[in-house]
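We count ligands from 1, going down the list as the structure has it; atoms in each ligand are counted the same way. Everything numeric here is computed off the predicted structure, so don't read it as measured data.
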Amino acid sequence: MSLEPRSFMKKMISRTNFSDEDRSLLNANTEWGTSIASEMADHFYTYLGRDEEMSAILNETEGRIHRLRETFVDWFNEMFTGMDAWGDAYAERRWKIGLIHVRIGIGPQHVVPAMAVVVEKLGQKALADGKGEAVRTALAKIAMIDLTFIEQAYIEVSSNAVLQETGWTEKLFRRLITTGANTM
Ligand code: HEM
């Protein structure tokens, strides 16, 4: 069980139908993205700060929240530029972001609602600024691809840790999961 970011990216692009038109639209709106990135970061960190658990994580170390604002803005802009046309560099970067969240102990229950806030606020802003429905759709697709990387990292890291620690085969592990799910 080991995820290969580049082929995973290709699979997600195909699965979400993140088309050439979507990519062109995002590229064409890069400047707009940059102009609203800081406002979106405000929404994002206000939302995280309202949650006791997430606020504690954000303020755990000195300067973390400040650093995070900057990394959020970079991440946000990369959704529009696509870095290398949503290629290998983009995939590697998203995978690394996923791994960082797993290391800090941020799970699906934190990340999914947080990304929902980004999509919601971004959608509202797009409407207010007179962007078409197609821009909103393209952004929602790339946000979901990014979210999938973070979610998948959680599964991959947990599974690999169990396999390495126990020496179980992947087949046995999958069978145990199925059995466990049946008993819940
Ligand atoms: C929409 C979902 C999210 C996105 C797109 C996102 C984005 C990012 C990015 C780009 C980084 C920097 C990675 C690097 O250093 O290379 C990061 C790190 C981090 N994120 Fe998130 N994040 C998300 C959700 C969350 C949530 C829900 C929390 C919960 C509190 C969180 C807390 C953190 C923390 C603590 C770090 C590490 C900061 C440090 O360097 O000390 N993130 N995130």
Side-chain angles (χ1 to χ4, degrees), residues 2-6 8-9 11-13 15-16 18 22-23 25-27 29-30 32-126 135-158 161:
S2 187
L3 187 140
E4 206 288 294
R6 286 167 282 188
F8 187 73
M9 182 76 199
K11 198 191 276 185
M12 290 309 111
I13 285 176
R15 217 164 249 172
T16 57
F18 184 53
D22 292 323
R23 294 177 225 197
L25 263 179
L26 291 182
N27 276 165
N29 281 283
T30 299
W32 174 69
T34 305
S35 74
I36 65 167
S38 176
E39 185 184 334
M40 291 299 124
D42 287 344
H43 284 306
F44 187 69
Y45 289 108
T46 303
Y47 166 77
L48 296 188
R50 280 204 303 263
D51 181 285
E52 206 180 315
E53 228 174 86
M54 295 197 276
S55 174
I57 297 172
L58 290 181
N59 294 296
E60 206 171 278
T61 56
E62 183 77 26
R64 180 177 256 182
I65 187 81
H66 180 71
R67 217 169 34 248
L68 273 178
R69 259 195 76 88
E70 285 173 16
T71 51
F72 180 92
V73 167
D74 289 343
W75 166 77
F76 189 81
N77 284 325
E78 286 160 11
M79 282 201 293
F80 291 85
T81 65
M83 295 176 72
D84 59 343
W86 295 273
D88 296 354
Y90 192 92
E92 295 288 348
R93 178 77 193 118
R94 269 35 190 167
W95 179 235
K96 191 179 156 232
I97 291 172
L99 292 177
I100 284 169
H101 288 89
V102 178
R103 251 175 247 144
I104 307 165
I106 296 163
Q109 59 165 314
H110 305 114
V111 175
V112 175
M115 190 64 93
V117 166
V118 175
V119 172
E120 182 195 352
K121 296 294 179 192
L122 195 43
Q124 287 169 353
K125 186 71 183 165
V135 173
R136 278 205 322 170
T137 305
L139 281 165
K141 284 185 193 174
I142 192 60
M144 287 308 107
I145 292 176
D146 283 16
L147 177 61
T148 312
F149 269 95
I150 308 180
E151 295 295 275
Q152 200 64 30
Y154 203 82
I155 308 277
E156 299 286 326
V157 173
S158 321

Next on the checklist: Just to confirm my output: which protein heavy-atom neighbour is closest to atom 2 (C) of ligand 1, and how far is it?
Outcome noted: Phe44 CZ, 4.0 Å
Checklist outcome for this item: among protein heavy atoms, the one nearest atom 27 (C) of ligand 1 is His110 O, 3.5 Å
Checklist entry - Around atom 21 (Fe) of ligand 1, what protein N, O or S atoms are found below 2.8 Å? => result His101 NE2
Are the side chains of [X] and [Y] in touch, meaning some heavy atoms are under 4.5 Å apart?
X	Y	answer
Met12	Phe8	yes
Ile97	Phe149	no
Lys121	Phe44	no

Checklist entry - Please, which pairs that meet side chain to side chain donor-acceptor pair (under 3.5 Å) have at least one residue in residues 143-155, sequence neighbours excluded? => result Trp75-Asp146, Tyr90-Asp146, Arg94-Asp146, Gln152-Glu156
Item to check | Summary of side chain to side chain donor-acceptor pair (under 3.5 Å) pairs that have at least one residue in residues 95-118, sequence neighbours excluded | outcome: Glu53-His110
Checklist entry - With a 4.0 Å heavy-atom cut-off (strictly under), which part of Met115 contacts ligand 1: side chain, backbone, both or neither? => result both
Item to check | Close N or O approach (Arg67, ligand 1; < 3.5 Å) | outcome: yes
Checklist entry - So, is Thr61 polar-close to ligand 1, with some N/O to N/O distance under 3.5 Å? => result no
Next on the checklist: Suppose we screen for side chain to side chain contact (heavy atoms under 4.5 Å, CB included). Which residues come up paired with Val135, at least two apart in sequence or across chains?
Outcome noted: Leu25, Asn29, Trp32, Lys131, Leu139
